[in-house]
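In what follows, a single structure is set out as structure tokens and then discussed.
Since the structure is predicted, the reported quantities are computational estimates derived from the model, not experimental observations.
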Amino acid sequence: MYRFLLSRQWVILTLIALVLIPAMIELGFWQLHRHEHRVEQNGLISRNLKAKPVPVSELTSPGHTVPRADYWRQVTATGTYDSAHEVVVRRRTSADERVGFHVLTPLVLADGRAVLINRGWVPAAADQKAFPAVPATPKGTVTITGRLKADETTSASGIKDLAGLPPRQVMLISGAQQAKALGRSVLGGYLEQSAPEPAGGNPELIPEPDHQSIGAHMAYAVQWWLFAAAVPVGWVILVRREKRDGQAASTPNSPEPATAAA
């Protein structure tokens, strides 16, 4: 009755079903883990943004790698800007997805060490090789509040650290790289400035990271698991249909009843 399951066509179909079921289940758990990671990250961002700002030197030092637990922590830094060593970071987008630069300026602290301040976004010049128009830094001693971030690397960001760039342009925000140019110790990580607001809103301060949305990962997980459940159901339906069609084909036609004589 079910010998058709041994045919080449049905063996291949069954093997495909056996492969699809665990694959779809695994894809569902992958989406579930992405959902859990997003929820955890949203919680971390929210807690760190709400935390009371602390001096930057309490959380980082030269050569220090900022741990994930300290990302987006509100910190303060007091010092004077070293605008002579200001650089811009290429291929960065604004809040409305315009491509331009981030302005990276060292802030020299009272002890002689420096911390990199990402002052915000500015539009690119007409010539991509030209240094963009960047508002001057405030004079004298200033206090900056910002979100602590880790030094950028190619492996973590996916951004290639290109060589041969125009003067004072970089691809990555790296304290180690800037320390060589500055000739002084630079604290690990950098600050995304959140206060004070620059005059005229230029550079444009980088907005807080999104920590409200959780995406559709959970919905995708459920969807993959429903697909996994549908595969064996569909297989059974096809088997029953094949069996029914085979039985119908093997059943001889019934003879027509004889017509009564007039």
message: Please check if the number of heavy atoms outside E197 that lie under 6.0 Å from its CD is greater than 12.
response: yes

Margin query: Would V88 and R90 count as a side chain to side chain contact (heavy atoms under 4.5 Å, CB included) here? Give the steps.
Written below: CA-CA 6 Å; V88 291; R90 293 170 61 90; 5.6 Å; no

Would you please test Q9 and F4 for side chain to side chain contact (heavy atoms under 4.5 Å, CB included) and show each step? CA-CA 9 Å; Q9 175 184 354; F4 63 86; over 6 Å; no

Which of H35, R38, Q31 passes side chain to side chain donor-acceptor pair (under 3.5 Å) with H217? Answer is Q31

*Is there a side-chain contact between F101 and Q169, using heavy atoms and a 4.5 Å cut-off?*
yes

- Query: Is there side-chain contact between L191 and L148, with at least one heavy-atom pair below 4.5 Å?
  - Reply: yes

d(L182 CG, K180 NZ) to nearest 0.5 Å is 12.5 Å

**Report entry** Note, W10 side chain near W235 side chain (heavy atom, < 4.5 Å)
**Finding:** yes

Taken to the nearest 0.5 Å, the spacing of I173 CD1 from E152 CD works out to 4.0 Å

Would E58 and R73 count as a salt bridge (Lys or Arg N to Asp or Glu O under 4.0 Å) here? Give the steps. CA-CA 11 Å; E58 291 188 12; R73 275 291 302 271; over 6 Å; no

Residue set satisfying ring pair (Phe, Tyr, Trp, His ring centres under 6.0 Å) with F29, at least two apart, ordered chain then number -> W225

Taken to the nearest 0.5 Å, the spacing of L116 CG from K149 NZ works out to 13.0 Å

Sorted by chain and number, sequence neighbours left out, ring pair (Phe, Tyr, Trp, His ring centres under 6.0 Å) with W224 holds for F227

From the list Q74, Q193, E192, side chain to side chain donor-acceptor pair (under 3.5 Å) partner of R147 resolves to E192

Review point. Do Y190 and V66 have side chains that get closer than 4.5 Å, going by heavy atoms?
Key: no

dist D161:CG -> T153:OG1 (nearest 0.5 Å) comes out at 10.0 Å

Exercise: do T78 and T143 side chains pair donor with acceptor under 3.5 Å: yes

Exercise for review: Please tell me if the side chains of L187 and P62 come closer than 4.5 Å, counting only heavy atoms from C-beta onward.
Suggested key: yes

Are there over 12 heavy-atom neighbours, none belonging to R91, within less than 6.0 Å of that residue's CZ?
no

Between the CZ atom in R47 and the NE2 atom in H211, the distance rounded to the nearest 0.5 Å is 11.5 Å

The reported gap from NE2 in H37 to CD1 in I214 (rounded to nearest 0.5 angstrom) is 14.0 Å

Neighbour count >12 (heavy atoms, 6.0 Å) for atom OH, Y220 | no

Distance-only criterion, 3.5 Å: show the donor-acceptor pairs between side-chain atoms of residues 104-115 and protein atoms not counting sequence neighbours.
| unit_1 | atom_1 | unit_2 | atom_2 | d |
| --- | --- | --- | --- | --- |
| T105 | OG1 | E86 | OE2 | 2.5 |
| T105 | OG1 | R119 | NE | 3.1 |
| D111 | OD1 | R113 | N | 3.0 |
| D111 | OD2 | R113 | NE | 2.9 |
| D111 | OD2 | R113 | NH2 | 3.0 |

- Apply side chain to side chain contact (heavy atoms under 4.5 Å, CB included) to the pair I206 and R92, showing each step before the final yes or no. CA-CA 11 Å; I206 300 169; R92 301 301 167 111; over 6 Å; no

